[in-house]
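Input: a single structure, listed below in structure tokens.
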Amino acid sequence: MELNAIQDKFERVAKKQKVSSSKSHEWMEQVGREIEQALASIIQWDDNVSSISIDQKITELKAKLQAIDSQSNLDRPQRELNIDFAKYQKLLEKVLHPDLSKTYKNADFDPHIINQIITHHFYREGLFDVADCLVKEATETEAISLRVQFQEIHQIIDALKSKRNLGPALDWASANRERLKDSSSDIELKLHKLQFVDILQNRNRAEALKYIKTHLAPFASSHMKEIQKLTGSLLWFGKLDKSPYADMVDPIHWENLSEELMKTYCNLSGQPFTDPLSVTVAAGVEGLPTLLKLASVMTGKKQDFQAMKQLPVPIELGKSFQFHSVFVCPVSRDQSSEENPPMLLPCGHVLCKQSINKLSKCNTRNFKCPYCPLDASVAQCKQLYF
């Protein structure tokens, strides 16, 4: 919502700027034409023309320029532009430079965990020098094991993207073939397909055919159609980009395969595809506008944001931040946990275990479902597992 307001205000300022600029150019063109006409008249006069006539011409020019200036009314659009621009600056300061200290609670974080999260982020992004410096200064020596893992994959991806060298990636896939098979990954086949296309496009047909027989034939039993497509493309050697197989030479395949390779590598090494620091920051940015509004309202009501144990409003995040199912009891409004799991009633409604205990007076009687007229007992309720 705030970003939409910024965009609307920017478009308004841009429109006013165009109007002001257009009027300024129009005024300058009129002034230029009058001056050019006056100069042309003076130049055409001969030496017998008196200075009085020239002074009269200059006086006429001044009068015309004053008339143009009075009719142009340049001050008004410029004044409106300045007012809107000042409002736009204030809006930017309000939205993009808020007081964030009102939206968070003071908490005792474990420095060791924080250092590990930041180090993980730097290694994952390939910023090895920065991460090594943090490891050394924070004495987080155990984090150095992450360096070895991510250094390998970054070397593989760098060779693939910058040098179009698939050798390191193919060696890694071959060494981890069984693990890739167990995880139902076909990354090795995709690497071989890309290598085949590169050979066919930049070398010769015989070498490409030999590559199919040597490296792609083992995949024929489970990927016959793809192997047949690759074999058919041999007929278009030298003009593959103008053939029915032109999509095979699209450069986007290199970029997509690099991303999939990183995802597969993280999966096999037990690392998340998106590092925790990036997820946390992105979630904070998405939830920050709601928190800022809440803090502003509570300040107006003279309530202490820091003293709250639970937010009075939900913070809605996108589906990309939903990593597992969460159940919130409709009676107690508490989130389910191992100690307070969700329970399915015979009628089909779901409550948390603690709410059921309260309704049944600690399992001493049957109770009525809060959402329908059916009665139930604790023994009839079944625990749900998400």
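Values in this document were obtained by computation on a predicted structure and should not be read as measured data.
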Donor-acceptor pair, side chain of [X] and main chain of [Y], under 3.5 angstrom:
| X | Y | answer |
| --- | --- | --- |
| S174 | D171 | no |
| R179 | L268 | yes |
| S162 | D158 | yes |
| S20 | Q17 | no |
| E140 | N115 | no |

4.5 Å side-chain heavy-atom contact, [X] and [Y]:
| X | Y | value |
| --- | --- | --- |
| Y371 | L351 | yes |
| L261 | W172 | yes |
| S233 | M248 | yes |
| K210 | E207 | no |
| W254 | D198 | yes |
| S258 | M262 | no |
| H253 | L257 | no |
| W236 | P244 | yes |

- prompt: Got a sec, which residues hit side-chain contact (heavy atoms from CB on, under 4.5 Å) with A159, two or more places apart in sequence or on another chain?
  reply: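 For A159 the side-chain contact (heavy atoms from CB on, under 4.5 Å) partners, ignoring immediate neighbours, are N165, P168.
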task: Tell me whether the guanidinium CZ or amine NZ of R124 lies under 6.0 angstrom from the six-membered ring centre of F273 and within 45° of its axis.
output: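 Cation-pi check for R124 and F273: passes.
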Nearest non-hydrogen partners of [X] and [Y], listed with the distance:
| X | Y | answer |
| --- | --- | --- |
| S377 | F367 | C-CE2, 4.0 Å |
| Y123 | A143 | CE1-O, 3.6 Å |
| P342 | F327 | CB-CD2, 3.6 Å |
| P370 | L359 | CG-CD1, 3.9 Å |
| K9 | Y88 | CG-CD1, 3.4 Å |
| C381 | M343 | O-CE, 4.0 Å |

Please determine whether residues [X] and [Y] belong to a single hydrophobic cluster, defined as Ile, Leu, Val, Met, Phe, Trp and Tyr linked transitively by side-chain heavy-atom distances below 4.5 Å.
| X | Y | result |
| --- | --- | --- |
| L240 | I227 | yes |
| F128 | I118 | no |
| V130 | I114 | yes |
| V378 | L344 | no |
| L277 | V135 | no |

Would you compute the distance between atom [atom1] of [X] and atom [atom2] of [Y] and round it to the nearest 0.5 angstrom?
| X | Y | atom1 | atom2 | result |
| --- | --- | --- | --- | --- |
| D110 | I117 | CG | CD1 | 9.5 Å |
| E29 | E36 | CD | CD | 10.5 Å |
| Q30 | K64 | CD | NZ | 12.0 Å |
| D84 | L81 | CG | CG | 7.5 Å |
| T264 | L180 | OG1 | CG | 7.0 Å |
| F321 | T280 | CZ | OG1 | 9.0 Å |

Give a yes or no on whether [X] atom [atom1] has more than 12 heavy-atom contacts from other residues, nucleotides or ligands under 6.0 Å away.
| X | atom1 | result |
| --- | --- | --- |
| E152 | CD | yes |
| K353 | NZ | no |
| K368 | NZ | yes |
| R164 | CZ | yes |
| Y245 | OH | yes |

Chi angles and distances behind the side-chain contact (heavy atoms from CB on, under 4.5 Å) call for L166, L160: CA-CA 5 Å; L166 288 161; L160 190 151; 3.5 Å; yes
query: Parallel, tilted or perpendicular: which fits the ring planes of F150 and H154, with parallel below 30° and perpendicular above 60°?
result: tilted
task: Please lay out, stage by stage, how I58 and K62 fare under the test side-chain contact (heavy atoms from CB on, under 4.5 Å).
output: CA-CA 6 Å; I58 293 176; K62 287 182 179 179; 4.1 Å; yes
message: Using the side-chain hydrogen bond (donor to acceptor under 3.5 Å, both in side chains) criterion, which residues pair with Q151? Sequence neighbours excluded.
response: R147
Solution key, residues 189-196 side-chain donor-acceptor pairs under 3.5 Å, sequence neighbours excluded:
{"unit_1": "K190", "atom_1": "NZ", "unit_2": "E260", "atom_2": "OE1", "d": "3.0"}
{"unit_1": "K190", "atom_1": "NZ", "unit_2": "E260", "atom_2": "OE2", "d": "3.0"}
{"unit_1": "H192", "atom_1": "ND1", "unit_2": "Y211", "atom_2": "OH", "d": "2.7"}
{"unit_1": "K193", "atom_1": "NZ", "unit_2": "E226", "atom_2": "OE1", "d": "2.8"}

task: Given side-chain contact (heavy atoms from CB on, under 4.5 Å), test I356 with L345 step by step and report yes or no.
output: CA-CA 9 Å; I356 291 176; L345 276 61; 3.8 Å; yes
- request: Apply side-chain hydrogen bond (donor to acceptor under 3.5 Å, both in side chains) to D275 and H120, showing your working.
  value: CA-CA 7 Å; D275 70 282; H120 179 277; 4.8 Å; no
field: Audit row: S183, N267, side-chain contact (heavy atoms from CB on, under 4.5 Å) steps and yes/no
entry: CA-CA 9 Å; S183 62; N267 183 39; 4.1 Å; yes
